[in-house]
Amino acid sequence: MSAFAFVNYTPVIGLEVHIQLATTSKLFAGDSTTYGAEPNTQVSAITLAHPGTLPKLNKKAVEYAVKMGLACESEISREFYFDRKNYFYPDLPKGYQITQHRTPVCKGGIVPVRMPDGIVRAVRLNRIHLEEDAGKSIHESEHTETLLDFNRAGVALLELVTEPVIRSAEEAGAFLSEIRKLVRYLGISDGNMEEGSLRCDANVSVMPEGSTRFGQKVEIKNLNSIRFVQQAISAEIERQITMLNAGLRIKSETRLYDPVSGNTAAMRTKEELNDYRYFPEPDLSPVVISEDWLATIRLAMPELPWQRVEKFVAHYGLPLYDALVLTEARELADYFETVCRFTSNYKAVSNWIMGPVKSYCNDNPGNGFPLTANLLAELVGLVETNQVSFSVASQKIFPELIKNPSKTALQVAQQLNVLQESNAGVILPVIKSVLNDYPQKVNEYKKGKKGIIAMFMGEVMKRTQGKADPKLATELIRKQLENQ
Ligand code: ADP
Ligand code: MG
């Protein structure tokens, strides 16, 4: 028997998310922010803080920060200033970073997140502030030196800090997905984690179940995919529990996650951390957000992803599942709503978009979707009025329309000769001839073998080249058999 009384632990997680803003120029200089340019081609004297240069605030970046704050119901600071955070690092050409220490643009806030258990939980934010990015250190195997690319230095970032309210790796992943979706809806960032537009530091601690006193936190830096965030947090929770169970103490430190080994490793302890000597940035004046400007930004706010989910369920009567899939990307949600202006069969539109439209887009990424909303609505209408079956519409007409989006759906259906025969006067003689040819089967039906109707149906379909309206044909066959 073990001498230990094993304790269950509750993880406590707080995230710091860096969001690269989609402004075309940097936060305090006119340099381009285009990703992937030749190293050190987007670096002005201002970015390098050469003597005599002065930073100039990018108004668009402030607007984007306010947008994010409004979306998260943060308190928007009507007057704020920037601070200098002083430290030496090779990728920091100025020797300091301009950030916001005491007066973030946005204070507090909440993000409603649908957690893995399906329940929506409001993740409370501590703050959202503006700051500039650092450059990039490049370590290539053929060089023993470190190469420096300052193109990214000075690019506008939003840093969003949550309260320590997240309780599992999966919740952290769900939160990040929601943030990525939100910044894309707002159009303030491409949210592209592979290109570093969204980066996350995860603060992790564990405490005995039922406790209200948080344990010692450890910070895991620079996670650049949602999968890595989840893996790193899981690994760190496990490491801390193992330590505590072995009677060891958790040190306050910064760690890095290694995706290859699946472990976190110590980078530096807090004692080694710099004293940043923050002070208000003397080269920038305080920023005032006027009532007018705030009202203008508020007016331009789009519907938010979670508002759209609600609307898709309440207004369009869609199942929650559909609403979630259709609101994954703003373009998809917009398309759905546009198609719904031309038809009131909303569920059918949803099925079309979640099915054939999405799979076309997945197979042809980056091409956009060629069918106008009007055209898709027409296709929905053809099925609704029984002129074609859904399978014919999606497998035959849809691909043809994509090749020729200038034709109407009806034209393509006629050209392919797939319009369903829903004229009883045409179908009935075919049914009669089928029943005539199979007297034996008719007898079996009469003796109670009702399933045989499928065989008659198959034969009718064969003789009409699949064009008989199945509902009408079934009805007519049944009637004919009852009358025999
Ligand atoms: P620091 O002063 O070390 O920067 P902060 O209080 O500013 O710490 O918090 C930084 C981040 O760490 C926030 O996201 C916060 O939610 C999170 N955090 C704070 N305390 C804990 C804890 N005990 N366990 C996990 N995360 C925590
Ligand atoms: Mg802090």
Side-chain angles (χ1 to χ4, degrees), residues 185 302-303 305 308-309 311-427 430 457 460-461 464-476:
Y185 262 71
E303 266 180 317
R308 239 143 172 212
V309 171
K311 176 181 176 189
F312 280 19
V313 172
H315 176 74
Y316 295 104
L318 296 183
L320 178 62
Y321 175 82
D322 296 39
L324 290 172
V325 174
L326 293 175
T327 54
E328 256 167 36
R330 185 174 166 181
E331 296 72 25
L332 208 60
D334 286 346
Y335 186 66
F336 170 79
E337 292 207 86
T338 318
V339 179
C340 287
R341 280 202 238 129
F342 301 98
T343 166
S344 53
N345 199 344
Y346 306 142
K347 177 56 182 150
V349 176
S350 168
N351 292 344
W352 271 95
I353 296 182
M354 292 198 303
V357 174
K358 261 199 100 188
S359 65
Y360 171 83
C361 293
N362 287 343
D363 294 344
N364 302 274
N367 284 352
F369 184 64
L371 300 195
T372 61
N374 201 343
L375 204 48
L376 190 70
E378 196 202 340
L379 208 43
V380 170
L382 282 186
V383 178
E384 199 181 0
T385 51
N386 286 325
Q387 288 174 272
V388 292
S389 66
F390 175 75
S391 60
V392 165
S394 58
Q395 285 160 29
K396 298 211 168 115
I397 306 177
F398 181 77
E400 202 54 37
L401 262 181
I402 285 190
K403 281 187 248 159
N404 295 296
S406 55
K407 291 208 171 127
T408 70
L410 187 63
Q411 279 169 346
V412 171
Q414 278 163 342
Q415 186 191 324
L416 294 172
N417 194 20
V418 291
L419 280 176
Q420 246 165 220
E421 191 49 77
S422 53
N423 182 344
V426 177
I427 301 177
V430 180
M457 186 63 189
V460 170
M461 280 301 182
T464 58
Q465 276 111 49
K467 287 193 289 175
D469 170 356
K471 229 157 101 198
L472 178 63
T474 315
E475 205 178 295
L476 290 176

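Starting from 1, each residue takes its place in the sequence as its number.
- The heavy-atom pair separating P370 from P405 by the smallest distance is O-CB, 3.9 Å.
- The two residues A468 and M461 come nearest to each other via the heavy atoms O-CE, 2.9 Å.
- A donor-acceptor distance shorter than 3.5 angstrom exists from the side chain of T327 to the backbone of L324, with no hydrogens or angles considered.
- Here the side chain of E378 pairs a donor or acceptor atom with the backbone of A409 at under 3.5 angstrom.
- Nearest heavy atoms, Q411 versus K407: OE1-CA, 3.4 Å.
- A distance of 4.5 Å separates CG of L375 from CG of L401, quoted to the nearest 0.5 Å.
- We find the CZ-CG distance between R308 and L326 to be 10.0 Å, quoted to the nearest 0.5 Å.
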K358 vs N362, test: side-chain hydrogen bond (donor to acceptor under 3.5 Å, both in side chains). Steps then yes/no. CA-CA 6 Å; K358 261 199 100 188; N362 287 343; 5.6 Å; no

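- When all heavy atoms are compared, the tightest approach of Q420 to V388 is OE1-C, 3.5 Å.
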Starting from the C-alpha separation in whole Å, work towards a yes-or-no answer on side chain to side chain contact (heavy atoms under 4.5 Å, CB included) for T372 and T338. CA-CA 9 Å; T372 61; T338 318; over 6 Å; no

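- Across all their heavy atoms, K467 and N417 have their closest contact at NZ-OD1, 2.9 Å.
- Note that OH of Y335 and SG of C340 are 10.5 Å apart. Values are rounded to the nearest 0.5 Å.
- Proximity of a side-chain donor or acceptor of T474 to a complementary backbone N or O of P470 within less than 3.5 Å is detected.
- Atoms CG and CH2, from N345 and W352 in turn, are 12.0 Å apart once rounded to the nearest 0.5 Å.
- Between L419 and L410, the closest side-chain pair of non-hydrogen atoms falls below 4.5 Å.
- In this structure, the side chains of L332 and M354 stay at 4.5 Å or more apart for every pair of heavy atoms.
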Does F312 form a side chain to side chain contact (heavy atoms under 4.5 Å, CB included) with E337? I'd like the steps, not just the answer. CA-CA 9 Å; F312 280 19; E337 292 207 86; 3.7 Å; yes

Should L320 and V309 be marked as a side chain to side chain contact (heavy atoms under 4.5 Å, CB included) after you check the CA-CA gap, both sets of side-chain angles, and the distance that decides it? CA-CA 8 Å; L320 178 62; V309 171; 3.8 Å; yes

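- Note: C361 SG to E331 CD = 10.0 Å, rounded to the nearest 0.5 Å.
- Surrounding NZ of K471 are at most 12 heavy atoms belonging to other residues, nucleotides or ligands under 6.0 Å away.
- Between F336 and Y346, the ring-plane angle classifies as perpendicular under the 30° and 60° cut-offs.
- To the nearest 0.5 Å, atoms CD1 (I397) and CD (Q415) are separated by 10.5 Å.
- Heavy-atom minimum distance, F398 versus L376: CE1-CD1, 4.5 Å.
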